[in-house]
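Computed from a predicted structure; not experimentally measured.
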Amino acid sequence: MDPQVFAEQHWSRRPLLSSAAELGADFSDLLTLADVDELLSTRGLRTPFLRIAKDGAVVDTKRFTTSGGAGAEVADQVSSDSVLRLFSEGSTVVLQGLHRLWPPLVEFADQLAADLGHPTQVNAYVTPPSSRGFSPHYDVHDVFVLQVAGEKHWTIHEPVLTDPLRSQPWGERAEEVAAAAEREPVIDTVLRPGDALYLPRGYLHSATALGEISAHLTIGVHPVTRWGAVESALDLVRTLAVDDPTLRRSLPLGVDLTGPDTTADDVAAVLAGLHAALDRVDPAEVADRLRSRTWAQVRPEPVSPLAQSTAAAALTADTVLRLRPRLRVQLRDVVGDRVTLVAGRRHHDLPAETRPALAELLAAGELKVGDLPGLAADEQLVLARRLVVESVAVVPDASAGGPVHHGGDEHAAGV
C-alpha cells in the first residue's frame with residue numbers, strides 16, 4: 001500500500017490486514033524460531049526481557065529464573081530448562097524489548113521510528129500449539145503484527161474506548177472489554193508466516209495458536225498525541241503559575257474543607273490564576289517540550305565506543321565525519337556568543353562561530369574535517385573531536401586498536 005494511502009485511511013483509524021502474497025517476503029530476516037532458542041538459552045537473558053503467560057495470566061518470574069552460576073551470580077537470569085517445562089505445559093513465551101536486544105530488530109525498529117516519526121518497540125510472542133497467551137484486551141499504542149512462524153487465529157473487535165492513553169489501560173475496563181469481545185468481530189482471520197496486521201490503539205484483540213508452534217512480532221508504535229502537547233502545556237502552566245503570589249497564599253486559619261462553599265473564593269482565584277498563566281504559554285515552547293519528550297524515547301543508530309574513541313584521537317583534515325544516522329538534530333539561532341545544537345535528548349552548548357560548520361554538516365550529512373567552513377584548521381579538529389566524542393557525528397569504518405595520533409588544540413574556539 002502506498003504510504004500516503006495508509007496514512008489517510010488506516011493510521012490511527014482502522015485495522016489493515018496484509019497477506020504474505022501481497023507483501024512479497026517473509027520476516028525471517030528479523031527473527032526465527034532458532035533465534036528465539038538462542039535468546040532463551042545462550043544470551044544470558046534476564047527479566048524483564050522475558051515474560052511468560054498461561055491462560056491469560058502472567059507466570060511468576062521465580063518459576064523461570066535462577067542464578068547465572070559462578071562468576072555471574074545474577075538471580076534473575078532465564079533458566080532455559082524451566083522455560084522448556086512451562087512452554088511444554090502450554091505457556092506463551094514473550095520476549096520483550098527486542099528493539100534493545102536483538103541486532104536485526106534494533107536496526108529495524110530504529111529505522112521504522114525514523115520513518116514514522118513516532119517511537120517504536122518490539123516484542124515477540126511464541127505460543128505452543130493450540131494455546132492462547134492472553135485474554136481479549138486492547139493496547140494503548142498502535143501495533144503491527146508480523147507473523148514469523150506457524151499459524152495463529154486472530155479475532156479483532158471494535159474499541160470500547162477510542163484512542164486510549166497510557167493512563168487508560170484495558171484492565172480498568174475489563175468487564176466492558178469482555179462483553180465487547182462476545183460481539184461480532186471486525187476481523188476474524190488466521191495469520192500465516194509473512195502475513196501482517198495493523199491495529200490502531202484501542203482495538204480489542206486475542207490470538208490462539210493452531211497446530212504448531214506459532215511466533216509473531218508485535219511492533220508497538222507509541223504515537224505522539226495531542227494529549228502529549230496538553231501535558232507539555234500544563235508543565236509550562238505549573239512553571240508560570242508558581243510565580244503568581246496570589247496562588248502561593250495560604251488558606252485561612254481554621255479552614256473547614258468539608259464543604260465546597262468554604263473554599264469557593266479560593267478555588268475561583270486559583271482558576272483565574274491558571275487561566276492567566278495559560279494565556280502566557282508560548283505555543284513554540286509547548287512544541288519544543290513535546291519534541292524533547294518524543295526525542296528522548298527514540299534512539300539513533302548505536303555507536304562503537306572503542307572504535308569512535310580511537311578515531312576521535314586520530315582525526316586529520318582528511319577524516320570524513322558523518323552525522324550519526326537517525327539522530328534527530330536541531331541547530332538553533334545564535335544567542336550572544338553561543339549556539340545550541342539539540343541532538344536527541346541532549347543540548348550541546350557551542351561557540352557561535354561554529355554555527356556555519358554545524359549547519360553545513362547537518363545539511364550535507366557527511367563532510368571532511370578540513371571542509372568545515374568558517375573555522376581555522378585547529379578549530380576544525382577541535383569541533384570534529386567534540387562531535388565524535390559526544391556521539392553527534394561518527395567516523396565511518398572506524399575500528400578500535402589502531403594507532404592513536406593526537407592533534408589539534410583542545411582549547412581552540414573554546415569548544
Closer than 3.5 angstrom, by distance alone: can the side chain of [X] be matched with the main-chain N or O of [Y] as a donor-acceptor pair?
| X | Y | value |
| --- | --- | --- |
| Glu285 | Asp282 | no |
| Gln297 | Arg293 | yes |
| Ser232 | Gly228 | yes |
| Gln96 | Leu50 | no |
| His157 | Ala181 | yes |
| Ser91 | Phe87 | no |
| Gln147 | Gly150 | yes |
| Gln330 | Ala343 | no |
| Ser304 | Leu306 | no |
| Arg385 | Ala312 | yes |

Report summary line: Only residue of His222, Arg201, His10 satisfying side chain to side chain contact (heavy atoms under 4.5 Å, CB included) with Asp142 is Arg201
**Report entry** Test side chain to side chain contact (heavy atoms under 4.5 Å, CB included) applied to Leu31 and Asp29, Leu33, Asp35, the passing residue
**Finding:** Asp35
Report yes if the side chains of [X] and [Y] come closer than 4.5 Å at any heavy-atom pair, otherwise no.
| X | Y | answer |
| --- | --- | --- |
| Val190 | Leu210 | yes |
| Leu323 | Val392 | yes |
| Thr92 | Ile52 | no |
| Ser167 | Leu165 | yes |
| Val78 | Leu39 | no |
| Pro252 | Asp266 | yes |
| Asp163 | Thr225 | no |
| Leu217 | Val145 | no |

Under 4.0 Å between a side-chain nitrogen and a carboxylate oxygen: does that hold for [X] and [Y]?
| X | Y | value |
| --- | --- | --- |
| Arg355 | Glu360 | no |
| Glu231 | Arg289 | no |
| Arg324 | Glu301 | no |
| Arg291 | Asp288 | yes |
| Asp110 | Arg326 | yes |
| Arg13 | Glu8 | no |

Report task. Say whether Arg46 and Gln77, considering side chains only, have a donor N or O and an acceptor N or O under 3.5 Å apart. Result -> no
Query - Exercise: do Gln121 and Thr218 side chains pair donor with acceptor under 3.5 Å - result: no
Return the [atom1] to [atom2] distance between [X] and [Y], rounded to the nearest 0.5 Å.
| X | Y | atom1 | atom2 | result |
| --- | --- | --- | --- | --- |
| Tyr203 | Tyr138 | OH | OH | 14.5 Å |
| Leu327 | Trp295 | CG | CH2 | 8.0 Å |
| Tyr198 | Arg14 | OH | CZ | 11.0 Å |
| Leu95 | Tyr125 | CG | OH | 10.0 Å |
| Ser82 | Leu40 | OG | CG | 11.5 Å |
| Leu45 | Leu101 | CG | CG | 6.0 Å |

Query raised in the report: Going by the angle between their ring planes, with limits at 30° and 60°, are His216 and Trp154 parallel, tilted or perpendicular?
Result: perpendicular
Requested in this report: Please lay out, stage by stage, how Glu158 and Arg183 fare under the test salt bridge (Lys or Arg N to Asp or Glu O under 4.0 Å).
Outcome: CA-CA 9 Å; Glu158 293 281 357; Arg183 300 171 191 150; over 6 Å; no
Can you name the nearest heavy-atom pair linking [X] to [Y], along with the distance?
| X | Y | value |
| --- | --- | --- |
| Gly220 | Val143 | CA-CG1, 4.3 Å |
| Leu383 | Ala357 | CD2-CB, 3.8 Å |
| Pro356 | Pro373 | O-CG, 3.7 Å |
| Ala398 | Ala307 | O-CB, 3.6 Å |
| Val177 | Leu204 | O-CD1, 3.8 Å |
| Glu212 | Ala209 | O-CB, 4.2 Å |

Query - Check against side chain to side chain contact (heavy atoms under 4.5 Å, CB included), Val320 and Leu367 - result: CA-CA 6 Å; Val320 173; Leu367 209 61; over 6 Å; no
Query raised in the report: Can you check side chain to side chain contact (heavy atoms under 4.5 Å, CB included) on Arg299 and Arg100, steps first, answer last?
Result: CA-CA 10 Å; Arg299 290 205 321 155; Arg100 299 298 304 271; 3.2 Å; yes
Requested in this report: Any salt bridge (Lys or Arg N to Asp or Glu O under 4.0 Å) involving residues 237-256? Give me the pairs, sequence neighbours left out, ordered by first then second residue.
Outcome: Asp235-Arg238
Report task. Report yes if the distance between the aromatic ring centroids of His137 and His205 is under 6.0 Å, otherwise no. Result -> yes
Report task. Mind running side-chain hydrogen bond (donor to acceptor under 3.5 Å, both in side chains) on Thr47 and Asp76 for me, showing each step along the way? Result -> CA-CA 6 Å; Thr47 56; Asp76 64 345; 3.0 Å; yes
Report task. Run through Asp195, Thr127, Thr189, Thr208 and flag the one making a side-chain hydrogen bond (donor to acceptor under 3.5 Å, both in side chains) with Lys152. Result -> Thr127
Report task. Using the side chain to side chain contact (heavy atoms under 4.5 Å, CB included) rule, take Leu116 and Val221 through it: C-alpha gap first, then chi angles, then the decisive distance, then the call. Result -> CA-CA 9 Å; Leu116 296 177; Val221 183; 3.9 Å; yes
Requested in this report: Show your reasoning for whether side chain to side chain contact (heavy atoms under 4.5 Å, CB included) applies to Val286 and Leu236.
Outcome: CA-CA 8 Å; Val286 173; Leu236 286 168; 3.6 Å; yes
Query raised in the report: Around Asp279, counting heavy atoms of other residues, nucleotides and ligands shown, do more than 12 lie under 6.0 Å from its CG?
Result: yes
Query raised in the report: Centre of Trp170's six-membered ring, under 6.0 Å away, within 45 degrees of the axis: is that where NZ or CZ of Arg173 sits?
Result: no
